2 protein chains.
Amino acid sequence: MTTIRDVAKKANVSVATVSRVLNENGYVNEDTRKRVQEVIQELNYKPNAVARSLFKKESKTIGFIVPDITNPFFPALVRSVEDYINQKGFTIILSNSDENPEKEKHYLDIMKQKYVDGVIMVTNTLDHEQISTYSMPIVLLDRPIHADVPSVFVDNRLGGRLATEHLLKQGCQRIAHIKGPEKVINADDRYQGYLDVVGKLPWFSKQYIVSGNYDKNTAMEVTKKLLQNHPEIDGIFAGNDMMALGVLKAAEQLGIKVPEQLAIIGFDDIDLTEMTSPELSSVAQPVYEVGKKAAEMLIHLIEGKNLEKKQYIFDVELMERKSSKRL
Amino acid sequence: MTTIRDVAKKANVSVATVSRVLNENGYVNEDTRKRVQEVIQELNYKPNAVARSLFKKESKTIGFIVPDITNPFFPALVRSVEDYINQKGFTIILSNSDENPEKEKHYLDIMKQKYVDGVIMVTNTLDHEQISTYSMPIVLLDRPIHADVPSVFVDNRLGGRLATEHLLKQGCQRIAHIKGPEKVINADDRYQGYLDVVGKLPWFSKQYIVSGNYDKNTAMEVTKKLLQNHPEIDGIFAGNDMMALGVLKAAEQLGIKVPEQLAIIGFDDIDLTEMTSPELSSVAQPVYEVGKKAAEMLIHLIEGKNLEKKQYIFDVELMERKSSKRL
DNA sequence: TTGAAAGCGCTAACAC
DNA sequence: GTGTTAGCGCTTTCAA
């Protein structure tokens with residue numbers, strides 16, 4: 001490894017001068033600047049980021065903690081964040097938490113030790129207090145925790161309403177909901193949206209709500225049972241697309257025609273909604289925008305700027321496809 | 001931030017002693033050890049990883065460069081690598097290269113500057129020489145470049161053969177192939193496997209081979225044209241699952257029944273093969289094993305151990321599902 | 001405009 | 001067993 005000393009020696013200047021041309025600050029004679037730059041080229045010198053970090057107490061690295069990158073909702077988010085922060089000169093340390101608070105804390109500790117400049121995370125297990133303990137810029141994605149913690153997410157309740165209203169408009173008479181995990185806030189909001197629309201209807205019953213854990217296989221199992229017990233159900237709003245895929249599968253296995261006998265709509269609008277047959281209706285989140293905004297906020301925070309708002313809530317959009325079209 | 005000095009001062013010992021208990025090396029009296037540990041607890045002291053890195057010239061971080069995390073094949077790989085290296089005390093810096101050699105080099109530079117201990121990458125644009133320039137442990141995933149560069153991948157040619165033979169056994173008389181991108185080695189190997197099986201058959205024609213760029217939309221377009229020009233085609237081997245999904249879609253749009261009129265098989269066996277209708281046959285890669293092995297090799301290299309083999313080639317497995325079952 | 005030197009927080013000789 | 005100290009590679013006062 002060639003160091004700043006090597007460059008200094010070869011260019012007949014002090015390390016301070018080299019540092020000055022490197023960072024383009026402080027006065028430096030045009031000629032010596034050129035000479036130094038030539039030597040840098042010649043030696044293919046690349047400054048040591050670790051040494052720099054140690055001094056500056058920053059690393060040009062941010063952490064990104066997701067529950068599980070294997071869940072198709074997250075890669076797009078990661079990509080969007082990377083695209084943004086990368087152009088600002090940052091890199092991402094990625095970790096999977098499995099929604100486990102111990103892992104989350106563990107990774108936050110490690111990231112802090114590595115001087116990451118900030119972290120973006122998707123969590124609902126950590127509370128406001130625990131988060132502020134870390135005293136570093138943190139922005140929450142997808143799931144808000146507290147009005148004081150910077151966060152960006154979508155209007156899940158509205159989404160739940162849109163989805164359910166849509167099914168109603170398509171003529172569904174008995175609409176069930178496959179709900180996400182208990183402790184996940186957005187799952188609850190989507191559920192509330194569903195309630196907003198059908199909770200007061202005469203046919204409504206809590207029996208039409210089952211839990212699918214945001215997971216396709218679980219959703220398939222519970223849906224099969226649900227439909228066997230309640231053959232009158234003619235519409236299902238699944239809390240996310242993975243579960244909607246499970247619902248689709250369940251219908252297929254039971255020989256129920258979609259959308260004729262059963263209209264289905266999911267949430268998130270992940271890429272494969274268009275690959276199923278029939279194509280899956282969904283409530284789309286502006287994933288790329290959401291990720292970008294989170295990245296923007298984090299960079300702002302890191303640069304010590306003030307945030308205009310602590311929370312950004314994006315709108316969702318109904319994507320009507322074949323799985324729910326009966327008209 | 002509390003430092004090792006703070007701990008030393010409060011525990012009435014030197015920083016060296018604190019360092020000793022921290023790293024569990026060197027002699028240290030049991031009593032003082034306890035005292036130091038208490039202070040560490042009390043102050044919630046966490047050693048500064050950057051300072052440590054600077055001294056040790058290692059960072060307990062590895063780089064992982066993938067073409068695009070948004071491609072559903074990669075998240076599982078990332079996950080598997082993370083699971084392994086994490087338990088060895090490492091974290092991952094993730095970057096998307098978009099198959100762009102400039103980006104790849106850029107990220108490798110940055111990673112090197114950050115003292116990553118090694119990198120795992122999926123590439124086919126960099127050659128042996130360029131890679132060795134970086135003089136740090138690098139292992140290649142999914143696509144081998146050169147026998148001298150440590151790499152792990154699957155027997156793609158065998159996979160191509162298995163897929164094609166399977167279609168033949170199912171009674172297909174005219175089998176087409178949707179090929180991956182030109183420069184991607186595994187795409188070519190899969191294609192070779194296809195040729196091994198049908199290249200010498202009387203009906204064979206180069207017209208049955210089209211390029212789909214590993215992408216579902218492209219694949220859908222080219223497949224539509226292909227099937228319109230060659231209605232005699234009754235079997236398609238797609239170079240990966242995303243393209244197979246496109247083929248499925250194309251068939252649907254043309255009103256061609258799968259598998260009765262057209263048998264389809266993909267490659268990779270990504271998660272959603274089971275979610276389509278009909279379920280998609282595929283050639284499965286042991287993704288988790290592949291990722292794990294790459295991580296293992298990298299850690300070995302980092303620890304200065306010798307590799308038993310430079311290349312690990314995993315077997316693939318035929319997954320027969322509805323999209324290709326005609327018997 | 002440039003250089004000398006202190007120091008970021010840690011580890012590992014080396015001395016005691 | 002424990003402490004002193006040099007040094008990892010860099011940036012930034014401060015002085016010249």
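The figures here come from the full heavy-atom set of this structure, side chains too, leaving out hydrogens, waters and symmetry mates. Throughout, protein chains are lettered first and strands after them, A, B, ... in sequence-line order, and every chain is numbered starting at 1. These numbers were taken from a predicted model, which means no experiment stands behind them.
Atom NZ of B/K46 and atom P of C/dC10 are 13 Å apart (whole Å). Between the CG atom of B/L43 and the C1' atom of C/dG9 there is a distance of 15 Å, given to the nearest Å. In this structure, B/E24 atom CD and C/dT11 atom P are separated by 12 Å, rounded to whole Å. Rounded to whole angstrom, the span from the CD1 atom of A/I4 across to the P atom of D/dC8 amounts to 13 Å. At whole-Å resolution of the value, OH in A/Y45 and C1' in D/dG9 are 7 Å apart. What separates NZ of B/K112 from P of D/dG9 is a distance of 13 Å, to the nearest Å. Rounded to whole Å, atom P of C/dC10 lies 17 Å from atom NZ of B/K60. Rounded to an integer number of Å, the gap from B/K56 NZ to C/dG9 P is 19 Å.
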Apply the test salt bridge (Lys or Arg N to Asp or Glu O under 4.0 Å) to residues A/R143 and A/D188: give CA-CA distance (whole Å), side-chain angles for both, the deciding distance (0.1 Å), then the verdict.
-> CA-CA 11 Å; A/R143 310 167 188 177; A/D188 210 61; over 6 Å; no
Checking side-chain hydrogen bond (donor to acceptor under 3.5 Å, both in side chains) for the pair A/S53/A/K60: CA distance, chi angles, key distance, verdict?
-> CA-CA 8 Å; A/S53 286; A/K60 289 289 178 185; over 6 Å; no
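At a cut-off of 3.5 angstrom, the base of D/dG1 holds no donor-acceptor pair with the side chain of B/R33.
Of the candidate nucleotides D/dT11, C/dC10, C/dT2, C/dT2 has the atom lying nearest to any side-chain atom of A/T17. Here the nucleotide nearest the side chain of A/L54, chosen from C/dG3, C/dC8, C/dT11, is C/dC8. The B/V13 side chain lies nearest to D/dG3 when the options are D/dG3, C/dT2, D/dT11. If you check C/dC10, D/dT11, C/dA12 against the side chain of A/F55, the one that comes closest is D/dT11. You'll find that the side chain of A/T32 is closest to C/dT2, out of C/dA13, C/dT2, D/dC10. Listed candidates were D/dT12, C/dT2, C/dT11. Nearest to the side chain of A/N25 is D/dT12. When the nucleotides C/dC14, C/dG3, C/dT1 are ranked by their closest atom to the side chain of A/Y27, C/dT1 comes out on top.
When the side-chain nitrogen and oxygen atoms of B/S14 are compared with OP1 and OP2 of D/dG3, one or more of them lie within a distance under 4.0 Å. An OP1 or OP2 oxygen of C/dG9 is reached within less than 4.0 angstrom by a side-chain nitrogen or oxygen of A/K57. Note on B/N23: a side-chain N or O is less than 4.0 Å away from OP1 or OP2 of C/dT11.
Using a 4.5 Å heavy-atom cutoff, the side chains of B/I145 and B/L126 are not in contact.
With a 6.0 Å cutoff to the six-membered ring centre and a 45° limit on the axis angle, A/K309 counts as a cation-pi contact of A/Y312.
Within 4.0 Å of A/V50, counting heavy atoms only, lies no atom of the nucleic acid at all. A/S19 comes within 4.0 angstrom of a base, heavy atoms only. If you check every strand for non-hydrogen atoms under 4.0 Å, B/S53 touches nothing.
The nearest heavy atom of DNA chain D to A/P47 and to B/V15 marks one nucleotide each, and the one closer to the 5' end goes with B/V15. Along DNA chain D, the nucleotide closest to A/R20 and the one closest to B/A51 are compared, and the more 5′ of them pairs with B/A51.
Only one option out of A/F74, A/F64, A/Y107 pairs with A/L94 in a side-chain contact (heavy atoms from CB on, under 4.5 Å); it is A/F64. Considering B/V28, B/V7, B/V18, B/N29 as possible partners of B/V13, the one that fulfils the side-chain contact (heavy atoms from CB on, under 4.5 Å) test is B/V18.
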